[in-house]
Each structure stands twice: as structure tokens, then as C-alpha cells.
Amino acid sequence: MPPTSNGQIADALDELGDLYELDGAVIHRVLAYRNAAKVIRDAPVSVAALTREGRVTELAGIGATLEQKIRDLIETGEIPAAVKLRARFPAGLLAITALPGLGPKRARRLFDELGIDSPQALEEAARAQRLRTLRGFGAKFEESVISALEAGGAPDHVSQRTVLDRALAVGEDLLAALRELDGGARVELAGSARRRAESVKDLDIVLDRPELLERVGELELIETASRTSAGAARARTHSGLTVELRAVAPEQFGDLLQHLTGSAAHNAALREWAVRRGLHISEYGVLDDATQQSDTFATEEELYGRLGLPYIEPELRENRGEIEAAIAGALPALVELGDIRGDLHCHTTASDGHATVAEMAQAACDRGYEYLAITDHSASHGFGNDVSPDQLRRQIELVRAADEQLKGIRLLAGSEVNILPDGSLDYDDELLGELDWVIASVHTAFSLSSDAMTARMIAAAEHPRVHALGHLTGRMIERRRPYSLDVDAVLAACARTATLVEINSSPKRRDLNEVHARAAAAAGVGIVINSDAHSPGGLDALRYGIWTARRAWLGPGEIVNTLPWRKFDARRKHA
DNA sequence: GCCGTTTTCGGCCCGACTGTTTTCAGTCG
């Protein structure tokens with residue numbers, strides 16, 4: 001079957017870009033393919049469907065040539081140009097370009113002049129000191145090739161990314177410790193951690209006190225620290241995370257913070273746009289062609305203001321249309337943690353949680369929530385944490401009794417019901433009818449075919465007693481790929497049946513991801529942001545779901561659990 | 001290959017670092 005998912009189309013264009021680069025194409029042509037791949041990967045609608053409708057060139061960065069290549073891909077499974085180029089360049093050549101210090105230009109010379117077509121061939125040539133015979137290559141290069149290959153070759157396996165919660169556990173403490181060293185210092189997280197991405201490569205920290213760079217090594221969290229230049233230091237935490245620190249004068253803080261927050265794609269697009277208006281942005285300031293005057297900015301608000309733009313929230317800075325929206329004055333008002341009125345997914349000791357109903361209810365009260373659904377696992381969950389129908393009946397009574405006692409919060413008797421492989425649920429309809437709230441999720445048989453998994457999810461959405469689908473794709477960040485499944489088809493079923501979808505806030509899941517969450521909103525599907533807490537403190541995971549929603553451009557109007565209970569109740573499905 | 005307040009051709013972000021070179025191309029973030 002030809003590749004039709006956005007991810008598959010994007011992968012094919014990335015590969016073609018790499019091949020063209022090896023072929024010596026002008027870099028801007030290569031970048032056009034990479035840009036198109038990113039646009040397609042981030043698109044909230046099916047690009048295959050757009051292509052069939054003849055509308056794919058509506059996407060920024062897709063013109064007639066790319067349209068034809070995408071059409072070939074989804075109709076025949078191949079892009080002719082890619083087939084041709086693959087025959088000319090061995091796969092091992094692309095592996096070589098992944099090594100540090102080796103890009104396409106140098107890899108191509110190694111291939112043309114020494115016949116090197118794989119990392120193995122490269123290592124042999126380096127040990128035989130044959131690389132230094134090429135002009136521009138020397139002994140140092142041979143050494144670095146050998147040590148890179150000895151270190152495990154492909155850097156993908158070496159540079160494991162860290163999931164955001166682990167990175168922030170260190171990063172937020174680090175900020176606090178640095179601020180303690182100097183009460184007046186501005187110290188901020190930058191990079192992907194500040195954009196609240198799913199995972200990070202390292203931590204970037206910006207400060208306005210150069211002298212603090214000398215003292216990073218004193219901090220308890222830090223294993224080693226060293227100065228890398230006058231305004232920079234690099235440290236390693238005991239948890240193994242690399243921290244890049246940069247210091248700058250207060251009047252330039254905004255310039256550097258904006259630069260290091262990125263993303264690279266956002267900055268590149270912003271700078272290209274600025275150049276057309278005669279302005280050159282760098283980490284050091286904004287240079288005006290007309291006056292040859294360079295201005296610096298203490299805050300990002302002033303920097304964006306100099307460009308004539310409103311402030312753009314870090315979560316939006318991924319070059320997914322935020323610059324165009326800023327120019328048009330059409331940036332979304334993003335949802336905030338304080339907008340949330342209730343949490344609709346948590347566990348207690350009845351299944352695999354660590355706290356009682358009363359403890360979870362109190363914790364929700366403490367966070368100012370107006371309602372909380374208790375949703376333990378269901379009858380077939382296993383791991384000794386299953387809840388039999390009789391146990392569920394007792395749990396319902398327990399929740400109702402606790403609801404009577406606690407004032408100020410409405411407790412909902414719910415369940416996180418397993419969706420069995422055939423799409424049925426593991427409680428009968430009568431028992432489900434006694435519940436106030438049902439969220440349906442997959443916890444078994446992850447490897448069904450895409451068609452079977454899609455049918456399974458649609459069946460659950462069509463069930464009259466199911467209010468919401470939980471963690472729809474099953475992915476675990478940096479650990480487990482999503483199930484193969486037609487998300488668009490499931491979202492269409494949810495829209496049709498008034499079934500809500502969850503953004504599961506567990507930092508390991510964040511499922512729906514930001515692309516699917518944006519697609520859900522575009523399809524008119526109501527979204528709930530839930531913690532999936534297994535303890536009172538677990539309720540605080542909600543911020544990760546909020547960040548995913550913000551990265552999906554969502555405002556409070558698209559998040560159903562920003563509504564007070566009566567309005568929420570009116571908005572959801574009724575059997 | 002894309003795109004337009006330099007609009008159908010001629011541009012396409014910015015700066016630091018590296019290793020190899022006598023002034024810079026390639027790579028990286």
C-alpha cells in the first residue's frame with residue numbers, strides 16, 4: 001500500500017532532500033524539500049487528502065513540483081527521482097553524513113575520490129591514513145572519524161533525548177539555585193525546554209550576570225562545569241544532562257533569550273521576513289539597513305515590538321504559521337492552567353493508584369477544581385489491578401458517599417474502560433449506565449493492523465456510553481511508537497458522535513500530541529485535558545497537557561473542561 | 001524548489017567553530 005500518512009510523506013521528502021544534497025543540488029533546493037517535509041509533518045489535516053483534492057499547494061512551501069512528487073508517491077508508492085538517485089548513492093553514504101563533522105559535501109568527495117561508501121569503509125581508510133591524501137582532510141580528521149566510530153557510530157544512538165519532565169526537574173531547580181546566588185539576577189530557561197517540547201537534547205540557560213558563570217560548579221546539582229568562552233559555560237548535571245549557559249548584559253537579554261529559545265525554524269523564518277523589511281536579527285541585536293543602526297533589547301516583548309509584531313509565546317515558535325498569524329494580528333489566546341475547572345481521569349487504590357478517593361478529592365479541591373472524575377482501570381486490566389463489576393459497584397457507592405461529604409467539589413463516579421481488540425468494552429452497558437463518566441482506552445493488543453485498530457477506536461467512539469477516548473495513539477515519548485491507526489478517521493467518528501478526545505497529560509505520553517490535538521480541534525472534536533494522576537501530586541502533571549494544547553494553538557474555548565460542570569454536562573454525549 | 005512592500009527572476013537568516021589553510025569552505029546550532 002502506498003504511503004499516505006503525513007509522517008510517511010514527510011519522511012520520503014526528507015530522504016529525497018538528502019539525496020539531492022549528495023547529488024550536489026543548490027542548498028536552497030534541498031532546504032525546500034526539508035521545509036516541505038516539516039510543513040507536512042506538522043500539518044493538522046491529511047496531506048494525501050489535500051493532494052487528491054488538488055489543494056496541497058495551499059500549504060506554505062509546496063509548489064507545483066512538490067505537488068507532482070507527492071502525487072506520484074501516494075499513487076504509485078514511489079517518487080521516480082528518489083528511485084533514480086538511490087541507485088547512484090549507496091545507503092551507507094547517508095550514514096556517513098550523520099557522523100559529526102561530515103556533511104554531504106565532504107562525504108561526496110570521499111565517495112568520488114576514494115570510493116568510500118559506508119562507515120566501515122571510512123574507518124578502514126582512516127586507519128590506513130588514506131584520508132589525509134585528500135586536499136582539505138588531515139590527520140585530525142582521521143582521528144575524529146576513528147573515535148566517532150568507536151564511540152558507537154550513528155550519533156542517534158548516542159545522543160538520547162531526555163523527556164521534558166526529567167529535564168525540568170533539573171532545570172527548574174537549577175534556575176532557583178542560580179537566582180539564589182544573586183537575588184537580582186535574571187535567569188531564564190531557553191531552548192526546547194522553554195518551548196515545552198516533548199523532549200530535549202540539553203538545557204539552555206540565559207543569565208544577565210557573567211560572573212555567575214564562574215560559580216556554576218559550586219551548585220549541588222552540577223557534576224562538572226567549565227567555561228567555554230567569555231560569555232558561556234557548559235556543565236553536566238549528576239543526572240547526565242548537558243547544560244549550556246550563556247551570559248549577556250541586561251540590555252541585550254531579550255536578544256539572546258529569543259535567539260536561544262528558537263526554534264531554529266522559527267528564527268530562520270522570522271529573520272527571512274525581517275530581511276525583506278530591511279532588518280537583520282541576530283543574538284546581538286537588530287541591525288537596520290536604512291540607518292546602519294543596531295538596537296538591542298532587554299526583553300523579547302520589545303524585540304518583537306521592534307519588528308512590528310506582538311509577542312509570540314514560546315510554545316508557538318515552531319514555524320507552524322505563527323509569524324504569519326502575528327503579522328495578521330491573529331495569534332490565538334492560548335489556554336492556561338488556571339482555565340481548567342476539573343480533571344476527568346485519575347486513579348485510586350481501587351486499581352493501580354496510590355491514594356484513596358478522599359485523598360484524590362481533597363487534592364483536586366486544593367487545586368481549585370470544581371469537579372473530579374475517579375476513573376480506575378476496568379475488569380480486564382490485569383497486573384492485579386483489575387476492577388471487577390462488583391468492585392466497581394462498591395466503588396461507585398464509595399465515590400457517591402465521598403461526594404456527599406465533600407463540599408466545594410463534584411466527584412464523578414467513572415471508569416477508564418478497556419477497549420477490547422474487537423472494539424467492545426469490558427463492562428456491560430447496564431453497569432456503564434450507572435457511571436457518571438466513561439473514558440475508553442486501549443491497554444492491550446497494540447500491534448493490530450491499522451485498519452483493525454482504526455475500526456476498534458471508531459467502535460468505542462460510537463458506543464453511546466463512552467464520553468471520551470483516552471490516550472488515543474498509545475505512544476510513549478522516546479520509548480514506544482504510536483499504534484498504527486488512521487487518526488483522521490477516528491476524529492471524524494468522534495465529531496459525528498460527540499465523543500470527546502483526551503490530551504493525556506502524563507509527561508511520558510502527552511497523547512494526543514500537538515499535531516493531532518490541532519487536528520482534533522480543526523475537526524470540531526471537543527478536547528479534555530486530563531492528568532491521569534495515580535497520586536495526589538500526579539494531578540500537577542496537568543501542566544504538560546496544557547503545554548501540549550498550547551503548542552497545538554488551542555484556546556480555552558476548545559478545551560471542554562474549562563467549562564463549569566453544568567455547561568460541561570450539556571456539551572458531552574448523552575446516551 | 002519556492003516565492004513576492006526588490007513580484008515571474010533573483011534572491012533565499014545569522015554567527016561561531018573547526019581544520020585546514022594563508023583567506024576559507026564546510027559544518028553546526
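Side-chain atoms are counted along with the backbone in the values below, which use heavy atoms only and exclude waters and symmetry mates. So that the names make sense, note that chain A is the first sequence line, chain B the second, and so on, each numbered from 1.
Rounded to the nearest Å, the gap between the P atom of B/dT6 and that of B/dC14 is 15 Å. Separating the P atom of B/dA16 from that of B/dG11 is a span of 25 Å, rounded to the nearest Å. Remark: the separation of the C1' atoms in B/dT22 and B/dG29 is 28 Å, to the nearest Å. Comparing B/dT8 with B/dC3, their P atoms sit 16 Å apart, to the nearest whole Å. Nucleotides B/dT7 and B/dC2 place their C1' atoms 13 Å apart, quoted to the nearest Å. B/dG10 and B/dG15 have their C1' atoms separated by 24 Å, with the value rounded to a whole Å. Comparing the C1' positions of B/dG1 and B/dT5 gives an interatomic distance of 23 Å, to the nearest angstrom. Separating the C1' atom of B/dT20 from that of B/dG26 is a span of 11 Å, rounded to the nearest Å.
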Tabulate atom names and distances for all N/O pairs under 3.5 angstrom spanning the protein and nucleotides 1-3 of chain B.
| from | atom 1 | to | atom 2 | distance (Å) |
| --- | --- | --- | --- | --- |
| B/dG1 | OP1 | A/Arg29 | NH2 | 3.4 |
| B/dG1 | OP1 | A/Tyr33 | OH | 3.0 |
| B/dG1 | OP1 | A/Lys69 | NZ | 3.4 |
| B/dG1 | OP2 | A/Arg29 | NE | 3.0 |
| B/dG1 | O5' | A/Arg29 | NE | 3.4 |
| B/dC2 | OP1 | A/Gly63 | N | 2.5 |
| B/dC2 | OP1 | A/Gly63 | O | 3.3 |
| B/dC2 | OP1 | A/Leu66 | N | 3.3 |
| B/dC2 | OP2 | A/Thr65 | OG1 | 3.4 |
| B/dC3 | OP1 | A/Gly61 | N | 2.7 |

Table of protein N/O atoms under 3.5 Å from nucleotides 6-11 of chain B N/O atoms:
| from | atom 1 | to | atom 2 | distance (Å) |
| --- | --- | --- | --- | --- |
| B/dT6 | OP1 | A/Arg276 | O | 2.7 |

Please enumerate all protein N or O atoms sitting under 3.5 Å from an N or O of nucleotides 24-26 of chain B, with distances to 0.1 Å.
none

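One can place CZ of A/Phe137 at 9 Å from P of B/dT20, the figure rounded to the nearest angstrom. If you take CG of A/Asp18 and P of B/dT27, they are 13 Å apart, rounded to a whole angstrom. Straight-line distance from the CD atom of A/Glu283 to the C1' atom of B/dG15: 6 Å, rounded to whole Å. Rounded to whole angstrom, the span from the CZ atom of A/Arg234 across to the P atom of B/dC17 amounts to 10 Å. Atom CD1 in A/Ile96 sits roughly 16 Å away from atom C1' in B/dT27 (whole-Å rounding). The interatomic distance linking A/Leu99 (CG) with B/dT18 (P) rounds to 18 Å, in whole Å. Distance A/Arg246 CZ to B/dC17 C1': 12 Å, rounded to the nearest Å. We find that CG of A/Leu307 is positioned 14 Å from C1' of B/dC14, with the value rounded to whole Å.
In DNA chain B, runs of at least 3 stacked Watson-Crick or G-U pairs (N1-N3 plus N6-O4 or O6-N4, or N1-O2 plus O6-N3, all under 3.5 Å) give these stems: B:1-4 with B:9-12, B:14-19 with B:24-29.
Side chain of A/Ser147 to backbone of A/Ser144: a donor-acceptor contact under 3.5 angstrom is found. Remark: side-chain polar atoms of A/Asp117 are not paired, donor with acceptor, to backbone N or O of A/Leu93 under 3.5 angstrom. The backbone N or O of A/Thr296 sits nowhere less than 3.5 Å from a side-chain atom of A/Gln252 that would complete a donor-acceptor pair. For A/Arg196 (side chain) and A/Arg551 (main-chain N/O), no donor-acceptor pair under 3.5 Å exists by modelled atom type. At least one donor-acceptor pair closer than 3.5 Å links the side chain of A/Arg480 to the backbone N or O of A/Gly474.
Applying the salt bridge (charged side-chain N to carboxylate O under 4.0 Å, His left out) rule to pairs touching residues 77-105 of chain A yields A/Glu15-A/Arg86, A/Asp23-A/Arg88, A/Glu78-A/Arg86, sequence neighbours excluded. Listed by first then second residue, pairs satisfying ring pair (Phe, Tyr, Trp, His ring centres under 6.0 Å) with a partner in residues 21-63 of chain A read A/Tyr20-A/Tyr33, not counting sequence neighbours. For residues 205-244 of chain A, no residue pair satisfies the ring pair (Phe, Tyr, Trp, His ring centres under 6.0 Å) rule, not counting sequence neighbours. Residue pairs meeting the salt bridge (charged side-chain N to carboxylate O under 4.0 Å, His left out) criterion with at least one member in residues 253-266 of chain A, sequence neighbours excluded, do not occur.
Residues of residues 252-265 of chain A having a heavy atom closer than 4.0 Å to DNA chain B: none are found.
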Anything under 3.5 Å between a donor and an acceptor, one on a side chain of residues 59-67 of chain A, the other on a protein residue two or more places apart or in another chain? List them.
| from | atom 1 | to | atom 2 | distance (Å) |
| --- | --- | --- | --- | --- |
| A/Glu67 | OE2 | A/Arg71 | NH2 | 3.4 |

Can you give the donor-acceptor pairs under 3.5 Å from side chains of residues 308-315 of chain A to other protein atoms, not counting sequence neighbours?
| from | atom 1 | to | atom 2 | distance (Å) |
| --- | --- | --- | --- | --- |
| A/Tyr311 | OH | A/Arg194 | NH2 | 3.4 |
| A/Glu313 | OE1 | A/Arg550 | NH2 | 3.4 |
| A/Glu315 | OE2 | A/Arg550 | NE | 2.7 |

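Residue A/Ala107 is classed as having no contact, given no heavy-atom separation below 4.0 Å to the nucleic acid.
For the pair A/Arg106 and A/Phe141, the cation sits on the ring face: its NZ or CZ lies under 6.0 Å from the ring centre, inside 45° of the axis.
Here A/Phe253 pairs with nothing under the ring-ring contact (aromatic ring centres under 6.0 Å, His included) rule; sequence neighbours left out.
Within 6.0 Å of CD in A/Glu180 there are 12 or fewer heavy atoms belonging to other residues, nucleotides or ligands. Around CZ of A/Arg132, the count of heavy atoms belonging to other residues, nucleotides or ligands within 6.0 Å exceeds 12.
In this structure, a donor-acceptor pair under 3.5 Å is absent between the side chains of A/Glu318 and A/His266.
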> Between A/Gln292 and A/Asp288, does a side chain to side chain donor-acceptor pair (under 3.5 Å) hold up when you go through it step by step?
Replying inline: CA-CA 5 Å; A/Gln292 283 302 304; A/Asp288 189 328; over 6 Å; no

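To the nearest 0.5 Å, atom CD of residue A/Glu143 and atom CD of residue A/Gln129 are 9.5 Å apart.
With DNA chain B read from its 5' end, the first of the two nearest nucleotides for A/Arg271 and A/Ser229 is the one closest to A/Arg271.
Listed nucleotides: B/dC14, B/dG19, B/dT21. Nearest to the side chain of A/Lys140: B/dG19.
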